[in-house]
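Indexing begins at 1, ligand by ligand and atom by atom, following the structure's order. Any value given below was found using the heavy atoms of this structure, including those in side chains, with hydrogens, waters and symmetry copies removed.
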Amino acid sequence: MDGNGRWAQKRGYPRIFGHIRGSARVRLIVRAASELGVKALTLYAFSTENWSRPEGERSVLWRLLKKHLLREADELQRQNVRLRVIGEVERLDPDLQKVVSAVVDKLKNNTGLQLTFAVSYGARSELVRAAQLFSQDCLQGIRSTSDLTESVFERYLWTSVLGDLAGVDLFVRTSGERRMSNFLLWQSAYAECVFIDTCWPDFGPHHLRGAIEEYSRRERRFGGVSAQGPEFTSPHSEDILLK
Ligand code: IPE
Ligand code: MG
């Protein structure tokens with residue numbers, strides 16, 4: 001969800017206005033995702049690098065998160081949305097942590113859209129933490145180094161709570177930036193990326209639908225070859241190889 005600050009600055013408002021409007025878009029997009037049949041939606045709300053922002057801006061972001069969690073809890077319950085929060089949750093203010101766990105707990109039996117907020121999230125810290133947890137298990141004799149496979153490693157990532165839905169199919173970034181910025185790097189290894197020039201406060205259900213349509217036109221080969229691709233060999237291939 002990028003471009004809140006620029007959205008506001010372009011209109012001559014302070015950045016905070018972009019965050020206010022941006023946070024209000026979340027409910028629209030969550031509802032649209034549910035209606036479009038999206039199974040899992042993970043929103044990058046605050047990165048480990050965002051801690052470097054001024055304290056005033058950080059505190060606005062936390063207040064907005066708290067306000068919307070409290071305000072939307074009943075509506076999310078009605079929509080059968082399951083909520084999770086991944087990232088360094090322990091770094092949040094204890095009061096916000098309590099709100100987060102209360103809302104997560106309230107929605108824990110829901111089976112609809114699996115909504116995840118990445119908060120104080122960084123893919124590199126997630127990977128380092130996973131390596132630390134795995135090493136601890138090895139030291140305690142719960143695991144041995146030869147157990148380590150990709151699927152075992154994934155169990156140590158924050159996203160393991162999403163089970164089969166942890167892998168990213170579609171990665172959408174708003175605001176025209178074309179980078180991953182430390183988001184779900186492991187999980188996005190084969191994600192289809194869609195970059196949208198619109199800033200997050202103007203991102204609407206039609207943009208989400210458009211991104212999904214774009215995704216559905218992509219051919220995902222996962223390093224393989226196209227099912228209806230050309231023949232691998234031709235009558236002349238031996239001659240060409242030998243030249
Ligand atoms: C995204 O908007 C919101 C958060 C990172 C919390 P930005 O605040 O990054 O907006 P820009 O990129 O400065 O326009
Ligand atoms: Mg930004």
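Remark: of the listed residues Leu184, Leu43, Ile86, Ile86 is the sole one forming a side-chain contact (heavy atoms from CB on, under 4.5 Å) with Thr116.
In this structure, Ser175 does not count as a contact residue of ligand 1, since none of its heavy atoms falls inside 4.0 Å of the ligand. Residue His19 places a heavy atom under 4.0 Å from ligand 1. Ligand 1 does not have Gln9 within reach: every non-hydrogen atom of the residue lies 4.0 Å or more from it.
Side-chain contact, Ser120 with Trp51: a donor N or O sits under 3.5 Å from an acceptor N or O. Between Gln187 and Glu126, the side chains place a donor N or O and an acceptor N or O closer than 3.5 Å (distance only, hydrogens not considered). Between the side chains of Arg221 and Ser226, no donor N or O sits under 3.5 Å from an acceptor N or O. Under the 3.5 Å distance criterion, with hydrogens and angles disregarded, a donor-acceptor pair is assigned to the side chains of Gln79 and Glu75. Side-chain atoms of Asp137 and Tyr156 form a donor-acceptor pair, as typed in the model, at a separation below 3.5 Å.
Nearest protein neighbour of atom 2 (O) of ligand 1, counting heavy atoms only, is Asn4 N, 3.1 Å. Among protein heavy atoms, atom 10 (O) of ligand 1 sits closest to Gly5 N, 2.9 Å. Nearest non-hydrogen protein atom to atom 1 (C) of ligand 1 is Met1 O, 2.9 Å. Atom 13 (O) of ligand 1 has its closest protein heavy atom at Arg15 NH1, 2.9 Å.
Under 4.0 Å from ligand 1, the heavy atoms of Arg53 that appear belong solely to its side chain.
Around the Mg ion (ligand 2), the protein N, O or S atoms closer than 2.8 Å are Asp2 OD1, listed by chain and residue number.
Proximity to Arg6 (heavy-atom distance under 4.0 Å) selects the following atoms of ligand 1: 11 (P), 12 (O), 14 (O). With ligand atoms numbered from 1 in the order given, ligand 1 contributes 6 (C) to contacts under 4.0 Å with heavy atoms of Ala45. The ligand atoms of ligand 1 that sit less than 4.0 angstrom from a heavy atom of Asn50 are 5 (C). Taking every non-hydrogen atom of Leu61 and a distance limit under 4.0 Å, the qualifying atoms of ligand 1 come out as 6 (C).
Between Pro201 and His19 the shortest side-chain heavy-atom distance does not fall below 4.5 Å.
Outside the 6.0 Å centre-distance limit, the rings of Phe17 and Trp7 are not counted as a close aromatic pair.
Not one N or O of Phe46 is nearer than 3.5 Å to an N or O of ligand 1, by distance alone.
A salt bridge is defined here as a Lys NZ or Arg NE, NH1 or NH2 lying under 4.0 Å from an Asp or Glu carboxylate O, and Arg15 with Glu57 meets this definition.
Few gaps surround CD on Glu90; more than 12 heavy atoms of other groups in view lie less than 6.0 Å from it.
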